[in-house]
Amino acid sequence: MAKSNLEQDILKVLVTEEELTKRVNELGEELFDKFADKNPIFVGVLKGCFIFMADLVRATQIKSELEFIGLSSYNSGTSSSGVVEITRDLQKDITDRHVIVVEDILDSGNTLSFLKKLLEAKGAASVTIVTLLDKPARREKAITADYAGFVVPDEFVVGYGLDYDQQYRNVPYIGVLKPEVYTK
Ligand code: IMP
Ligand code: MG
């Protein structure tokens with residue numbers, strides 16, 4: 001285990017590194033079976049997707065391309081503003097392509113319902129949503145993931161790419177922060 005000065009801020013571990021590896025490999029196999037002959041484009045939602053995306057694409061050994069889109073619906077707090085902004089657009093034309101969206105967490109649904117409409121408007125042949133985490137308790141938009149790694153309770157989680165105020169993305173598991181970290 002690497003030295004860490006982040007662990008002291010973690011209240012509890014929700015999903016361990018071993019559980020993440022196992023589930024991401026399962027998702028990779030399911031995506032292989034569905035997309036092996038479709039030359040899909042994985043579209044990762046920055047920045048939260050970066051670790052999940054790296055593991056997922058290596059677990060899905062198919063001919064495919066990678067793209068990233070930057071979207072932001074958060075300021076620095078722990079709840080969504082509801083307004084989604086494109087901070088970095090796709091670099092590639094996705095017309096008639098099968099798109100696999102890779103997201104860290106489906107929470108209110110504002111981000112993914114915005115993105116799904118955007119990708120359809122850009123002419124995608126299909127849009128499949130893969131989210132590492134699903135927090136259904138806080139849904140505001142009627143949107144469901146096609147593939148979800150883990151359903152999580154209504155707690156603010158960090159690690160494996162997910163941040164609080166841009167910190168804790170490098171925690172190697174999914175954890176819950178001590179409340180005093182974000183209330184001070
Ligand atoms: P939504 O638009 O409310 O579904 O939220 C999507 C985005 O909010 C995610 O991509 C995350 O970046 C962020 N988010 C939502 N819940 C959490 C959480 O518990 N921890 C860290 N980020 C979160
Ligand atoms: Mg995100």
Side-chain angles (χ1 to χ4, degrees), residues 4 6-17 19-20 23-24 27 42-57 66-90 99-121 127-184:
S4 173
L6 302 172
E7 298 239 303
Q8 65 201 35
D9 293 348
I10 306 290
L11 180 69
K12 64 181 175 198
V13 179
L14 269 190
V15 187
T16 66
E17 289 184 69
E19 289 168 330
L20 286 166
R23 186 70 183 118
V24 172
L27 291 172
F42 289 89
V43 172
V45 184
L46 292 171
K47 301 171 195 167
C49 76
F50 83 110
I51 295 179
F52 178 41
M53 179 92 155
D55 286 345
L56 184 68
V57 296
L66 296 193
E67 273 288 318
F68 292 96
I69 191 164
L71 296 175
S72 175
S73 68
Y74 265 35
N75 300 320
S76 63
T78 59
S79 65
S80 174
S81 65
V83 180
V84 181
E85 198 189 1
I86 302 175
T87 55
R88 178 197 185 276
D89 207 346
L90 297 176
V99 174
I100 303 172
V101 173
V102 181
E103 171 67 305
D104 54 2
I105 185 167
L106 175 53
D107 186 22
S108 72
N110 287 321
T111 305
L112 284 178
S113 63
F114 171 89
L115 180 58
K116 192 166 188 188
K117 284 189 204 119
L118 179 75
L119 296 170
E120 284 166 355
V127 179
T128 299
I129 293 176
V130 185
T131 186
L132 177 69
L133 305 177
D134 185 2
K135 202 194 275 182
R138 307 211 326 156
R139 202 77 88 247
E140 293 169 17
K141 295 275 160 59
I143 181 147
T144 50
D146 299 285
Y147 300 87
F150 301 89
V151 175
V152 293
D154 187 7
E155 290 181 285
F156 196 78
V157 296
V158 296
Y160 198 69
L162 289 102
D163 72 306
Y164 166 65
D165 204 9
Q166 300 304 328
Q167 303 257 12
Y168 305 103
R169 294 193 194 274
N170 53 337
V171 169
Y173 49 81
I174 302 293
V176 178
L177 277 182
K178 292 181 179 165
E180 60 262 34
V181 175
Y182 51 81
T183 51
K184 73 184 169 203

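Indexing begins at 1, ligand by ligand and atom by atom, following the structure's order. Counting from 1, the numbers follow the sequence of the chain as shown.
- Closest to atom 21 (C) of ligand 1 by heavy atom, among Leu132, Val157, Leu112, is Val157.
- When Leu14, Val45, Thr111 are ranked by how near their heavy atoms come to atom 6 (C) of ligand 1, first place goes to Thr111.
- Only the side chain of Glu103 comes within contact range of ligand 1, with a heavy atom under 4.0 Å; no backbone atom does.
- Residue-level proximity to ligand 1 for Lys135 is carried by the side chain, the only part with a heavy atom below 4.0 angstrom.
- Leu20 has its side chain within reach of Leu132: a pair of non-hydrogen atoms, C-beta onward, lies under 4.5 Å apart.
- Put simply, no part of Val158 is less than 4.0 Å from ligand 1, judged by heavy atoms.
- Heavy-atom contacts of Ser108 reach the following atoms of ligand 1: 1 (P), 2 (O), 3 (O), 4 (O) (cutoff under 4.0 Å).
- At distances below 3.5 Å, not a single donor-acceptor pair connects side-chain atoms of Arg139 with backbone N or O atoms of Thr144.
- Around the NZ atom of Lys141, the shell of radius 6.0 Å holds more than 12 heavy atoms that belong to other residues, nucleotides or ligands.
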Give the intermediate values and the outcome of side chain to side chain contact (heavy atoms under 4.5 Å, CB included) for residues Ile51 and Arg169. CA-CA 9 Å; Ile51 295 179; Arg169 294 193 194 274; 5.7 Å; no
Trace of the side chain to side chain contact (heavy atoms under 4.5 Å, CB included) decision for Leu27 with Phe52: CA-CA 11 Å; Leu27 291 172; Phe52 178 41; 4.0 Å; yes
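- Under 4.0 angstrom from ligand 1, there are no non-hydrogen atoms of Val84.
- Listed by chain and number, the residues in a side chain to side chain contact (heavy atoms under 4.5 Å, CB included) with Tyr173 are Glu7, Ile10, Val13, Glu17, Val171 (sequence neighbours excluded).
- The closest donor-acceptor contact from the side chain of Asp134 to the backbone of Val151 lies at 3.5 Å or more, if one exists at all.
- Proximity of Ile105 to ligand 1, defined as any heavy-atom pair under 4.0 Å, is shared by backbone and side chain alike.
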Take Asp55 and Tyr160, measure what side-chain hydrogen bond (donor to acceptor under 3.5 Å, both in side chains) needs, and give me the verdict at the end. CA-CA 10 Å; Asp55 286 345; Tyr160 198 69; 2.6 Å; yes
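- Each of the atoms 2 (O), 4 (O) of ligand 1 lies under 4.0 Å from some heavy atom of Asn110.
- Proximity to Asp104 (heavy-atom distance under 4.0 Å) selects the following atoms of ligand 1: 9 (C), 10 (O), 11 (C), 12 (O).
- Near Gly109, meaning under 4.0 Å from any of its heavy atoms, are these atoms of ligand 1: 1 (P), 3 (O), 4 (O).
- You'll find the side chain of Ile129 stays beyond 4.5 Å of the side chain of Leu106, heavy atoms only.
- Residue Leu106 has no nitrogen or oxygen atom sitting less than 3.5 Å from a nitrogen or oxygen atom of ligand 1, judged on distance alone.
- With ligand atoms numbered from 1 in the order given, ligand 1 contributes 21 (C), 22 (N) to contacts under 4.0 Å with heavy atoms of Asp163.
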